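Only one structure is covered here, and it is reproduced in the block below.
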Amino acid sequence: MPKFAAKSGALESKIKLGRGFYERPTLDVSRELLGKFIVYNSPDGRMSARIVEVEAYIDDNDPACHAARGLTKRNQIMFGQGGFSYIYFIYGMHNCLNFVTETKNKAAAVLLRAAEPDEGLDIMVQNSPGKKLTDFLRGPGRFCRAFGLTTQQSGLDLTKNKLYLESRESDKKIKIARTTRIGINVGTDKLWRFYDKESLAVSGIRAR
DNA sequence: TGAATGATGCGCT
DNA sequence: GCGCATCATTCAT
């Protein structure tokens, strides 16, 4: 890489996150996911986005976790090793993307709730017509629709090149807010939702 | 074999 | 602010 005077943000090194990132305590992974970029090489082209909101689901006395009632065909991916995608279909029309964390036989995952569009804007427009820039990826269902992700993409290895996360040197320090999770009726005592306070693309807050 | 329900989003009031 | 669309998964007969 040539040497040049670094303007702010001009020097970027992109590093794909490896298995080790995911095979750690889920709450640590959740916090560190904020500000990371998700990259998806879709059939229509490359897309990426900056993660600004996540929720943790851990099979540890957590009734809201899909794995809480034992291993089933749907949730088995959560029981495997970290660094895989877990996508499920909900409410008859929405898909939600999770990143499996922790090691084999410990069921846990992080739900991606919102992100800021980066590359592949034209594809998002195509998938989600009529939405504003900050709304494309605001909400777990919207994110999957804009990215074209369905249960077909569940179980992908995040250390491969189809779908993965990357860290960028231009990541700034993020002001993290911590609250209860959204859209559940049990496990509401746990403060397992994390989001970037300064992002306009966070879901579940009053539009401004 | 059947019925309840959900880690949501949209449209209408 | 509220109700509903719509179906895979799950658990109960």
Side-chain angles (χ1 to χ4, degrees), chain A residues 22 25-27 29-31 33-34 38 49 51-80 82 84-102 106-117 124-156 158 163 165 176-196 199-208:
Chain A
Y22 303 98
T26 304
L27 295 181
V29 176
S30 301
R31 266 187 294 267
L33 276 174
L34 298 178
I38 178 169
I51 297 172
V52 298
E53 180 183 358
V54 297
E55 285 179 5
Y57 287 87
I58 311 167
D59 186 19
D60 185 17
N61 264 329
D62 175 20
C65 180
H66 279 184
R69 291 185 190 168
L71 188 147
T72 67
K73 187 171 183 181
R74 178 175 66 156
N75 67 25
Q76 59 179 335
I77 185 71
M78 290 178 81
F79 287 82
F84 284 81
S85 63
Y86 168 49
I87 302 178
Y88 62 88
F89 189 66
I90 190 83
Y91 295 125
M93 59 185 77
H94 299 298
N95 291 101
C96 297
L97 170 64
N98 298 250
F99 306 117
V100 177
T101 57
E102 315 256 0
K106 166 92 177 180
V110 179
L111 168 70
L112 174 58
R113 290 195 55 90
E116 296 170 352
M124 298 181 203
V125 172
Q126 210 175 327
N127 290 342
S128 310
K131 289 275 185 302
K132 289 183 298 183
L133 185 66
T134 52
D135 285 342
F136 284 134
L137 310 179
R138 200 172 117 201
R142 286 175 178 178
F143 177 89
C144 286
R145 191 176 67 178
F147 263 57
L149 292 171
T150 68
T151 52
Q152 302 233 317
Q153 280 74 43
S154 192
L156 290 180
L158 301 177
L163 180 68
L165 298 180
I176 298 177
R178 180 173 186 172
T179 70
T180 56
R181 291 169 294 179
I182 290 180
I184 54 176
N185 302 306
V186 291
T188 50
D189 55 319
K190 296 177 167 54
L191 297 174
W192 287 358
R193 172 171 175 255
F194 303 90
Y195 65 88
D196 179 349
S199 175
L200 294 174
V202 170
S203 74
I205 54 176
R206 287 280 145 259
R208 175 147 315 198

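In what follows, every chain begins at residue 1, and chains take the letters A, B, ... in the order their sequences are listed. Note that the structure is predicted; figures quoted are calculated from it, not measured.
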| message | Please convert DNA chain B into dot-bracket. A pair counts if it is Watson-Crick or G-U wobble with both distances under 3.5 Å; crossing pairs go in [ ] and bases paired with another strand get |. | response | ||||||.|||||.
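Between A/Y86 and A/F84, the ring center distance fails the sub-6.0 Å criterion.
At a cut-off of 3.5 angstrom, the base of C/dA8 holds no donor-acceptor pair with the side chain of A/Y88.
As a whole-Å value, the separation of A/I90 CD1 from B/dA4 C1' is 13 Å. Regarding A/Y91, its OH atom lies at a distance of 16 Å from the P atom of C/dT10, rounded to whole Å. The distance between atom CZ of A/R145 and atom P of C/dA5, rounded to the nearest whole Å, is 18 Å. In this structure, A/Q76 places its CD atom 11 Å from P of C/dT9, rounding to the nearest Å. Between A/F99 atom CZ and B/dA7 atom P the separation is 18 Å, expressed in whole Å. In this entry the distance linking CD1 of A/I182 with P of B/dG6 reads 17 Å, nearest Å. The separation between A/H94 atom NE2 and C/dA5 atom P is 13 Å, rounded to whole Å. The nearest whole Å value for the distance from the CG atom in A/N185 to the C1' atom in B/dA4 is 14 Å.
Taking the charged nitrogens against the carboxylate oxygens, A/R181 and A/D62 do have a contact shorter than 4.0 Å, which makes a salt bridge.
A/Y88 places a side-chain heavy atom less than 4.5 Å from the side chain of A/N98. A/L27 places a side-chain heavy atom less than 4.5 Å from the side chain of A/R178. Taking the side chain as every heavy atom from C-beta outward, A/L97 and A/I38 approach each other to under 4.5 Å.
With B/dT8, C/dA5, C/dC7 as the candidates, the nucleotide lying closest to the side chain of A/F89 is C/dC7. Set against B/dG9, B/dA7, C/dT9, the side chain of A/I184 has B/dA7 as its closest nucleotide. With B/dA7, B/dT8, B/dC10 as the candidates, the nucleotide lying closest to the side chain of A/R142 is B/dC10. In the set B/dA7, C/dA8, C/dC11, the nucleotide with an atom closest to the side chain of A/R69 is C/dC11.
At B/dA7, none of the side-chain N or O atoms of A/R193 fall inside 4.0 Å of OP1 or OP2 (strictly under the cut-off). Residue A/R138 has no polar side-chain atom (N or O) positioned under 4.0 Å from OP1 or OP2 of B/dG9.
Nearer the 5' end of DNA chain B, as judged by each residue's closest nucleotide, is the contact made by A/C65, out of A/K131 and A/C65.
Within 6.0 Å of CG on A/N61 lie no more than 12 heavy atoms contributed by other residues, nucleotides or ligands.
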| said: The test is side chain to side chain donor-acceptor pair (under 3.5 Å); show your working for A/S203 and A/E53 and say whether it passes. | reply: CA-CA 8 Å; A/S203 74; A/E53 180 183 358; 2.9 Å; yes
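Among the heavy atoms of the strands, none lies under 4.0 Å from A/R181. Residue contacts for A/T151: at a heavy-atom cut-off of 4.0 Å it reaches no nucleic acid atom on any strand shown.
A donor-acceptor contact shorter than 3.5 Å is absent between the side chain of A/T180 and the backbone of A/T188.
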